[in-house]
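First comes the structure, then the notes that go with it.
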Amino acid sequence: MKVCICDDDISQCESLKAMILAHNENHKIISFHSAEEMLFECEEQFPFDCIFLDIQMKKMNGIECAKKIRSIDKNVVIVFLSAIRDYVFEGYEVNAMRYLLKPLDQKKCHELLDLIESSIQKEKTYLYVNKMKICCDDILYIESCGHYCSIYASEVIEVKMSLNELYSNLSKSFIQTHRSYIVNLNHVDAVIADHCLLENQAMIPISRSSQKKVNEAFMEYIKGGLL
């Protein structure tokens with residue numbers, strides 16, 4: 001799980017980081033010590049599963065920061081941190097999952113992390129590339145060209161990754177139709193001979209060696225066996 005901590009108290013950051021790693025040493029954690037730093041570094045993208053956000057920071061406080069996050073990302077989990085209870089109701093305005101009081105309790109922190117992991121598993125899957133979090137459901141197809149791949153979603157995103165690297169991080173609704181293409185079966189209207197017809201009318205080639213596999217996957221998807 002990718003976790004962000006934003007707190008201007010460095011000792012509190014380190015304490016929370018230790019608690020999170022004690023829960024699972026494979027959690028990936030990045031820390032910021034001001035709301036301004038996080039907003040600048042993230043460049044209007046928040047490639048995290050959850051953000052632990054201190055409310056009482058200097059300059060921009062956590063509530064204002066959360067509002068800016070929500071104007072861009074409606075899905076990332078936000079957890080508020082504070083030494084006082086005064087801002088509990090403001091948390092509802094930005095759909096915060098929880099409000100943790102300082103000093104932090106490791107048992108409560110671990111219970112919350114369990115809850116976050118459970119909720120993430122029930123939600124949509126995301127692809128993390130170029131410091132961006134792309135909802136897999138929004139991806140129509142991916143095209144490989146040389147050392148780069150183009151991800152076609154609401155916009156075209158170019159990444160320096162191999163098609164195989166991307167494929168290994170996608171859900172089972174995706175299938176490779178050709179050595180240069182992956183399609184999302186959620187957006188396929190029909191499989192016609194050696195092409196997939198997508199809902200946006202794009203025609204994606206199917207290699208001869210992949211025709212049987214693609215046809216079977218599409219039929220399974222139609223029957224509801226995939227998703």
Side-chain angles (χ1 to χ4, degrees), residues 1-4 6 28 30 35 38-51 53 64-78 93-97 116 119-192 195-206 210 214 217-218 220-222 224 226-227:
M1 190 162 67
K2 294 189 175 183
V3 181
C4 173
C6 186
K28 296 179 180 178
I30 185 168
M38 181 179 71
L39 295 173
F40 176 79
E41 291 293 336
C42 290
E43 299 176 332
E44 298 192 346
Q45 295 287 339
F46 300 94
F48 314 113
D49 294 305
C50 67
I51 299 173
L53 190 56
E64 292 304 312
C65 182
K67 289 177 180 178
K68 289 186 178 292
I69 293 170
R70 281 287 176 252
S71 71
I72 297 165
D73 191 323
K74 308 294 184 187
N75 300 303
V76 65
V77 173
I78 294 176
E93 295 180 15
V94 291
N95 193 29
M97 175 178 273
I116 293 170
S119 68
I120 288 169
Q121 289 171 3
K122 293 176 183 177
E123 293 176 355
K124 297 176 180 178
T125 56
Y126 292 88
L127 181 66
Y128 297 93
V129 293
N130 287 5
K131 295 185 178 180
M132 297 177 68
K133 181 171 70 174
I134 306 168
C135 181
C136 289
D137 286 353
D138 295 338
I139 299 172
L140 280 75
Y141 67 98
I142 301 173
E143 180 182 12
S144 171
C145 185
H147 296 293
Y148 290 84
C149 283
S150 295
I151 301 171
Y152 290 80
S154 56
E155 59 181 317
V156 181
I157 301 159
E158 189 174 81
V159 297
K160 192 173 184 180
M161 293 177 69
S162 71
L163 204 65
N164 286 338
E165 281 182 279
L166 289 171
Y167 196 25
S168 67
N169 287 290
L170 294 169
S171 66
K172 59 185 178 181
S173 64
F174 289 83
I175 188 163
Q176 186 166 355
T177 65
H178 183 278
R179 66 181 181 182
S180 300
Y181 290 91
I182 295 169
V183 300
N184 185 347
L185 290 170
N186 289 317
H187 299 291
V188 175
D189 278 350
V191 174
I192 306 168
H195 283 82
C196 286
L197 173 64
L198 304 190
E199 60 188 26
N200 67 345
Q201 301 307 300
M203 295 287 282
I204 306 302
I206 305 172
S210 298
V214 172
F218 185 59
E220 187 71 18
Y221 168 74
I222 291 172
L226 260 179
L227 302 178

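These numbers come from the heavy atoms of this one structure, side chains and all, not from hydrogens, waters or symmetry mates.
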- Here the pair of heavy atoms bringing Glu143 nearest to Tyr181 is OE2-OH, 3.0 Å

- Message: Is any side-chain heavy atom of Asn184 closer than 4.5 Å to one of Cys136?
- Response: no

- Query: Side-chain contact, heavy-atom cut-off 4.5 Å: Phe48 with Cys42?
  - Reply: yes

- Residue pair Val159 / Leu166, side-chain heavy-atom distance below 4.5 Å: yes

- Side-chain donor-acceptor contact under 3.5 Å, Asn200 with Tyr152: no

- Item | Asn75 side chain reached by Tyr126 side chain, heavy atoms, under 4.5 Å | yes

- Heavy atoms of Asn186 and Glu199 approach each other most closely as O-OE1, 4.1 Å

- Item | For the student: nearest non-hydrogen atoms of Arg70 and Val94, plus distance | NE-O, 2.8 Å

- Given Ile51 and Met38, is the side chain to side chain contact (heavy atoms under 4.5 Å, CB included) satisfied, shown in steps? CA-CA 11 Å; Ile51 299 173; Met38 181 179 71; 4.2 Å; yes

- Item | Side-chain touch Leu39/Phe46, heavy atoms, less than 4.5 angstrom | yes

- Reference residue Ile142; test side chain to side chain contact (heavy atoms under 4.5 Å, CB included); the match among Ile204, Val183, Leu170, Ile157: Leu170

- Which pair of non-hydrogen atoms, one from His178 and one from Leu163, has the smallest distance, and what is that distance? O-CD2, 4.3 Å

- Message: In the structure I gave you, are the side-chain heavy atoms of Ile175 and Tyr167 within less than 4.5 Å of one another anywhere?
- Response: yes

- Do other residues, nucleotides or ligands put more than 12 heavy atoms under 6.0 Å from the NZ atom of Lys2? yes

- Query: What is the minimum heavy-atom distance between Cys149 and Ser162, and which atoms define it?
  - Reply: SG-C, 3.9 Å

- Indicate yes or no: at least one non-hydrogen side-chain atom of Lys133 is less than 4.5 angstrom from one of Val76. yes

- Message: Less than 3.5 Å apart, any donor N or O on the side chain of Asp49 or Tyr128 sitting next to an acceptor on the other?
- Response: yes

- For residues Tyr141 and Thr177, determine if any side-chain heavy atom of one lies less than 4.5 Å from a side-chain heavy atom of the other. no

- Exam field: side chain His187 to backbone Asp137, donor-acceptor pair closer than 3.5 Å: yes

- Message: Going by side chain to side chain contact (heavy atoms under 4.5 Å, CB included), Val214 matches just one of Ile206, Leu185, Val188. Which one?
- Response: Ile206

